[in-house]
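For the numbers below, each heavy atom of this structure counts, side chains included, while hydrogens, waters and symmetry mates do not. Order of the sequence lines sets the chain letters (A, B, ...), proteins ahead of strands, with each chain counted from 1.
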Amino acid sequence: MRIKLNKQQEEAVLHFGSPLLVLAGAGSGKTRVITQKIVYMVENLSIPINRILAITFTNKAAQEMKERVVKALGLEYQPQWITTFHSLSAKILRIEAENLEYSRDFVIYDEEDSKKAIKDVLKEMNLDSEVYKPEKIRNVISQIKQNLDESVLDFYAFTMPHLPEIFKKYNHHLALSNAMDFDDLLINVVKLFRENPEIKKSWQDRFDYVLVDEYQDTNLVQHEILKLIVGNRDCVTVVGDPQQCIYTWRGANPDNILEFEKDFPKTRIIKLERNYRSTEKILSVANSVISSAKGRWKEKVLRLWTEKKGDDDVYLISLETDKRESEFISKKISSLIKEGYQYGDFAVLIRMSYLSRNIEESMIKTGIPYQVVGGVKFYERAEIKDILAYIRFALQPKDTQAFKRIINLPPRGIGEKTIQKVQQYYETDWLQALEDAYQHLSKKAQLRVQEFLEIVEYIRKYGNEKPSETARYVVSALDYENYLENKYKDWEDRVANIHELFNALKEVEKSGKTFLEFLEESSLSQAQDSLENSNSVKIMTVHASKGLEFPVVFIAGLEDGLFPSGRAFEDIEQMEEERRLFYVAITRAKEKVFITYARKRATFSGRINETKPSRFLRDIKKKVKVLSDRKKERKKFPPTCLNSDIRAGQLVKHEKFGKGVVLSVSDNRATVIFETAGQKTIIKDFLKKI
DNA sequence: AGACCCTCACTGTAA
DNA sequence: GTGAGGGTCT
């Protein structure tokens with residue numbers, strides 16, 4: 001072993017012969033363990049690197065792991081199978097395309113495409129989009145797919161009776177477009193393996209060992225994929241931490257950690273509880289945020305400890321307004337820079353991405369270099385999607401959403417009516433439909449369609465080979481920069497983005513990748529992927545900070561309704577997740593933590609609201625230094641529970657669920673039967689006695 | 001029929 | 001800030 005490991009880490013690296021579950025706390029060196037285990041297998045067990053499958057949560061983590069492995073083993077090539085679940089699935093599906101109902105060049109619909117597809121379906125069915133809210137429907141559909149379970153539909157049978165049909169039509173729309181949404185990528189692998197045992201076998205045979213990181217944030221389908229790939233062998237290690245599960249809202253199922261033991265008999269469990277990242281003081285604040293685990297989770301929960309001393313207290317700072325909060329952060333950063341810190345040492349973590357605006361403004365004013373990680377991602381920008389949609393469509397003319405995006409872009413007089421006419425002639429794809437509909441169109445429309453087809457034809461000829469030239473051609477043929485200039489005030493930024501796209505495509509050319517591979521990568525790109533190594537302050541959501549660490553961390557906006565998010569008030573599980581999120585935020589820090597909140601905050605419409613400090617602050621107030629820009633700070637934080645006198649039998653009212661009666665209470669929660677909403681467990685605060 | 005401009009409402013974390 | 005909806009102009 002080249003790197004020194006502690007006893008538990010070493011055990012985890014050296015354990016073979018039965019499945020392994022590593023419960024690894026924040027900062028406990030789990031990446032090191034996974035990397036070392038890979039290196040050990042290659043060096044000491046003579047397993048070829050490409051027979052090891054390692055699945056991480058982000059592309060960024062995968063990339064880093066690859067680099068570490070390459071360095072440790074002195075490889076001259078990049079390991080192929082260090083990847084994420086979504087990329088792995090896309091790879092498998094392209095390789096096995098002939099066994100699917102898709103062709104190899106299937107496209108991946110991102111969230112926007114999916115939502116537009118749903119809107120198309122709703123329009124086609126003539127449904128009121130007030131009742132059938134596209135965003136809600138997309139969520140429900142995703143939930144169904146993530147759990148491989150349609151029973152959710154029953155839940156909405158009353159409010160949205162047409163949901164099952166929408167679901168069917170949406171999937172049909174995808175199939176016609178040769179498109180998969182994010183969930184389909186995973187589901188189709190499960191289907192493929194279940195329906196074709198010999199294919200499953202061939203994939204099992206490809207790998208001698210499988211490792212998965214961040215297991216607490218895998219969903220049911222991903223758990224299933226793991227089971228199918230491992231089969232009844234024991235060559236598997238998963239690493240996770242139930243306390244860091246922050247993605248249940250998009251289908252993560254922390255029970256996978258519990259299920260793991262059942263699905264893989266004789267599982268050995270190793271806990272990594274020694275933290276190497278944070279100081280004692282930071283850890284103790286973090287620990288006081290997490291509520292104690294109950295029931296079956298009891299023995300899965302970690303108690304972090306550290307020998308890392310540090311004089312710095314964790315600070316909690318109250319500021320008058322959100323503006324002041326941002327100013328405080330900038331000033332603090334500037335003064336710490338004078339003490340010898342680098343800009344790259346800082347992260348500002350926020351609960352919601354729109355909170356970055358104030359902070360950015362103040363950093364610009366102060367002249368602090370910063371980078372917003374995530375937010376609206378590069379490939380989700382309208383101008384980028386526009387150009388890529390042309391190429392997407394040219395290479396895959398079944399792609400309905402790409403077609404609808406570009407057919408009248410820039411406006412060329414092909415509107416709703418013309419598209420409808422063309423749709424009547426749709427049989428195999430939109431190019432064929434355009435040709436067949438051609439003679440039935442008006443002279444004007446014919447001319448415009450002609451122009452459109454010429455551009456597409458050109459891309460079809462050269463697109464896949466010379467991506468950057470093709471993109472340049474599209475931009476000039478459309479006079480797209482001019483279009484941006486006329487349409488947007490911030491056109492200069494957008495033009496700059498287009499040029500950045502050209503550069504990215506140049507790189508693609510250099511690396512010998514095809515355009516389709518590039519499209520796949522871009523649609524699966526993640527918030528963290530944009531993270532630069534530059535010496536700049538990083539501003540990001542707490543979610544995007546998963547797995548990262550920084551010497552100094554600011555956590556802003558600790559206000560009730562913001563952090564915890566207002567939506568979490570309805571539901572205890574969500575409130576617990578907010579807690580874990582706060583825990584994740586604190587444990588990103590190595591040396592210093594500044595937690596801030598504003599007593600007044602402007603809403604998006606400019607109104608200024610009085611805020612309440614986050615209820616989480618109550619749990620940490622004894623362990624932090626409280627400061628305020630007001631002389632006499634009321635050191636009062638919302639109690640974790642206000643209505644402590646609610647008892648069973650009490651009649652109560654809830655803002656959302658209406659009237660109900662309390663069945664039972666425990667701690668700060670009450671289980672209530674509501675007249676209409678049925679039985680729910682609610683935090684007592686959100687009940688009113690009646 | 002399509003373009004364009006205005007107003008209005010909404011905005012959670014995301015592969 | 002963005003999209004949807006409505007009204008009006010070409």
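Look at CG on A:Asp113: it is 15 Å from C1' on B:dA14, rounded to the nearest Å. Rounding to whole angstrom units, CG of residue A:Asp571 and C1' of B:dT13 are separated by 15 Å. When rounded to the nearest whole Å, the span between OH of A:Tyr483 and C1' of B:dA3 equals 12 Å. Between the NZ atom of A:Lys444 and the C1' atom of B:dG2 there is a distance of 6 Å, rounded to whole Å. C:dT2 atom P lies 13 Å from atom NZ of A:Lys115, rounded to whole Å. We find that CD of A:Glu135 is positioned 13 Å from P of C:dG3, with the value rounded to whole Å. The distance from atom CD of A:Gln420 to atom C1' of B:dG2 is 13 Å, rounded to the nearest whole Å. B:dA14 atom P lies 10 Å from atom CZ of A:Phe57, rounded to whole Å.
Heavy atoms of A:Tyr247 sit under 4.0 angstrom from primed sugar atoms or phosphate atoms, though from no base atom. Looking at heavy-atom distances under 4.0 Å, A:Glu578 makes contact with a base. If you check every strand for non-hydrogen atoms under 4.0 Å, A:Asp110 touches nothing. Nucleic acid contact for A:Gln574: base, since at least one base atom lies under 4.0 Å from a heavy atom of the residue. The residue A:Ser353 sits close only to the backbone: its heavy atoms come under 4.0 Å of sugar-phosphate atoms, none of a base. At the heavy-atom level, A:Glu577 lies nowhere under 4.0 Å from the strands shown. Within 4.0 Å of A:Arg448, counting heavy atoms only, lies no atom of the nucleic acid at all. In this structure, A:Arg381 reaches neither bases nor backbone, as no heavy-atom distance under 4.0 Å exists between it and the strands shown.
Of the listed nucleotides (B:dT13, B:dA15, B:dG2), B:dT13 has the atom at the smallest distance from the side chain of A:Trp249. In the set B:dG2, B:dA14, B:dA15, the nucleotide with an atom closest to the side chain of A:Lys417 is B:dG2. Listed candidates were B:dA3, B:dA15, B:dA14. Nearest to the side chain of A:Asn408 is B:dA3. When distances are taken from the side chain of A:Thr418 to each of B:dG2, B:dC4, B:dA14, the shortest belongs to B:dG2. When distances are taken from the side chain of A:Ser565 to each of B:dA15, B:dA14, B:dG12, the shortest belongs to B:dG12.
Both the sub-6.0 Å distance and the 45° axial angle are satisfied by A:Arg494 relative to the ring of A:Tyr488.
Ring geometry for A:Phe106 versus A:Tyr102: interplanar angle over 60°, hence perpendicular rather than tilted (30 to 60°).
With hydrogens and angles left out, the side-chain atoms of A:Asn253 and A:Gln146 include no donor and acceptor closer than 3.5 Å.
Each of A:Lys612, A:Arg601, A:Lys600 was evaluated against A:Glu559; a single residue qualifies, A:Arg601, per the side-chain hydrogen bond (donor to acceptor under 3.5 Å, both in side chains) test.
No donor-acceptor contact under 3.5 Å links the side chain of A:Glu112 to the base of C:dG3.
At least one side-chain nitrogen or oxygen of A:Arg357 sits closer than 4.0 Å to the OP1 or OP2 atom of C:dG1. OP1 or OP2 of B:dT13 has not a single side-chain nitrogen or oxygen of A:Arg351 nearer than 4.0 Å. A close approach under 4.0 Å does occur between a side-chain nitrogen or oxygen of A:Lys119 and OP1 or OP2 of C:dA4. For B:dG12, the OP1/OP2 oxygens have no side-chain nitrogen or oxygen of A:Thr541 closer than 4.0 Å. Note on A:Asn139: every side-chain N or O is 4.0 Å or more away from OP1 and OP2 of B:dG12.
For A:Tyr354 and A:Ile414, each mapped to the nucleotide of DNA chain B holding its nearest heavy atom, the one lying further toward the 5' end belongs to A:Ile414.
For A:Lys91, the NZ atom counts as densely surrounded, since its 6.0 Å shell holds more than 12 non-hydrogen atoms of other residues, nucleotides or ligands.
Remark: A:Asp113 does not engage A:Arg405 in a salt bridge, criterion side-chain N to carboxylate O under 4.0 Å. For A:Arg579 and A:Asp619, the salt-bridge test passes: some basic side-chain N is under 4.0 Å from an acidic carboxylate O.
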